[in-house]
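Notes to accompany the following structure.
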Amino acid sequence: QVHLVASGGGSVESGGSLRLSCEASEYSYSTWCMGWFRQAPGKEREGVAVIDEDGSTSYAEPVKGRFTISRDNAKKTLYLQMNSLKPEDTGMYYCATRRRWCLPGALSPGDYDDWGQGTQVAVES
């Protein structure tokens, strides 16, 4: 339905940084709730961070203080700045939209409608 393209993943040593990007194809992007999710091998997909149309953000507890979600509406691009990376941050990272407003603390994957293809993040000790 909505085309989302995630990029920016890679391999990094513990304590390093990566910046993920997600480009959206739709003009209505600026009004959407957008989120980042991740999935480690053998584990369920989990919410990482979400951002509302007004810039309000919510973060999963394990990434608070280390990750920052942001959006550039002119570029229709979502970002996730990841600092102080830990091995437990390893996984496939997905951007997603629910095509509507964000509810407070909306970190459940089931609340989202469209998904990007994912970009792999590997953090080594």
Side-chain angles (χ1 to χ4, degrees):
Q1 182 68 28
V2 178
H3 188 53
L4 301 170
V5 179
S7 62
S11 297
V12 64
E13 64 184 27
S14 182
S17 298
L18 287 171
R19 192 185 197 194
L20 308 184
S21 299
C22 175
E23 294 185 47
S25 63
E26 303 296 328
Y27 291 111
S28 58
Y29 162 87
S30 63
T31 66
W32 297 344
C33 177
M34 302 291 295
W36 285 100
F37 301 80
R38 66 187 182 187
Q39 188 168 18
K43 300 188 67 176
E44 72 280 1
R45 191 170 299 183
E46 63 180 355
V48 175
V50 298
I51 186 167
D52 210 342
E53 69 275 3
D54 64 355
S56 298
T57 59
S58 297
Y59 296 91
E61 194 66 30
V63 308
K64 286 183 178 178
R66 300 188 297 119
F67 291 10
T68 302
I69 187 172
S70 62
R71 63 196 300 163
D72 185 332
N73 290 339
K75 296 181 178 180
K76 296 184 292 184
T77 302
L78 177 74
Y79 302 100
L80 184 67
Q81 179 67 47
M82 305 186 293
N83 298 326
S84 302
L85 282 162
K86 304 175 180 179
E88 53 261 45
D89 295 318
T90 294
M92 185 71 73
Y93 282 69
Y94 301 89
C95 62
T97 180
R98 63 188 296 169
R99 283 187 266 130
R100 60 188 70 86
W101 63 93
C102 287
L103 296 174
L107 293 171
S108 175
D111 292 336
Y112 292 78
D113 302 305
D114 301 293
W115 295 82
Q117 85 288 357
T119 184
Q120 181 67 230
V121 171
V123 184
E124 302 176 349
S125 299

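Sequence positions, counted from 1, serve as the residue numbers for this chain. These numbers come from the heavy atoms of this one structure, side chains and all, not from hydrogens, waters or symmetry mates.
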Tell me, do [X] and [Y] make a side-chain contact under 4.5 Å, heavy atoms counted?
X: Gln39; Y: Phe37; answer: no
X: Leu103; Y: Asp111; answer: no
X: Ile51; Y: Leu78; answer: yes
X: Leu85; Y: Phe67; answer: yes
X: Thr68; Y: Tyr59; answer: yes

| remark: OG (Ser11) and CD (Glu124) are apart, to the nearest 0.5 Å, by 5.5 Å

| task | Calculate, to the nearest 0.5 Å, the distance between atoms CZ and OG belonging to Arg98 and Ser108 respectively. | result | 9.0 Å

| task | Check the surroundings of atom CD in Gln120: do more than 12 heavy atoms from other residues, nucleotides or ligands lie under 6.0 Å from it? | result | yes

Tell me the closest heavy-atom pair linking [X] and [Y], and the distance in Å.
X: Gly35; Y: Tyr112; result: N-CE2, 4.2 Å
X: Ser125; Y: Ser14; result: CA-CB, 4.1 Å
X: Leu18; Y: Gly10; result: CD1-O, 3.8 Å
X: Ala6; Y: Gln117; result: O-NE2, 2.6 Å
X: Trp36; Y: Ser21; result: CH2-O, 3.6 Å

| field | Glu53, Arg100, Arg99 screened by side chain to side chain contact (heavy atoms under 4.5 Å, CB included) with Trp32, the one that passes | value | Arg99

Same cluster (ILVMFWY, side-chain, under 4.5 Å), [X] and [Y]:
X: Tyr94; Y: Leu107; value: yes
X: Val48; Y: Val12; value: yes
X: Ile69; Y: Val63; value: yes
X: Leu80; Y: Met34; value: yes

[Y] backbone acceptor or donor facing [X] side chain under 3.5 Å:
X: Thr119; Y: Tyr93; answer: no
X: Thr97; Y: Cys33; answer: yes
X: Asp52; Y: Asp54; answer: no
X: Arg66; Y: Ser84; answer: yes
X: Glu26; Y: His3; answer: no
X: Trp115; Y: Leu4; answer: no

| request: Quick one: do Val121 and Met82 satisfy side-chain contact (heavy atoms from CB on, under 4.5 Å)? Show the steps, please. | output: CA-CA 10 Å; Val121 171; Met82 305 186 293; 3.9 Å; yes

| field | Cationic N near anionic O, under 4.0 Å, Glu23 to Lys76 | value | no

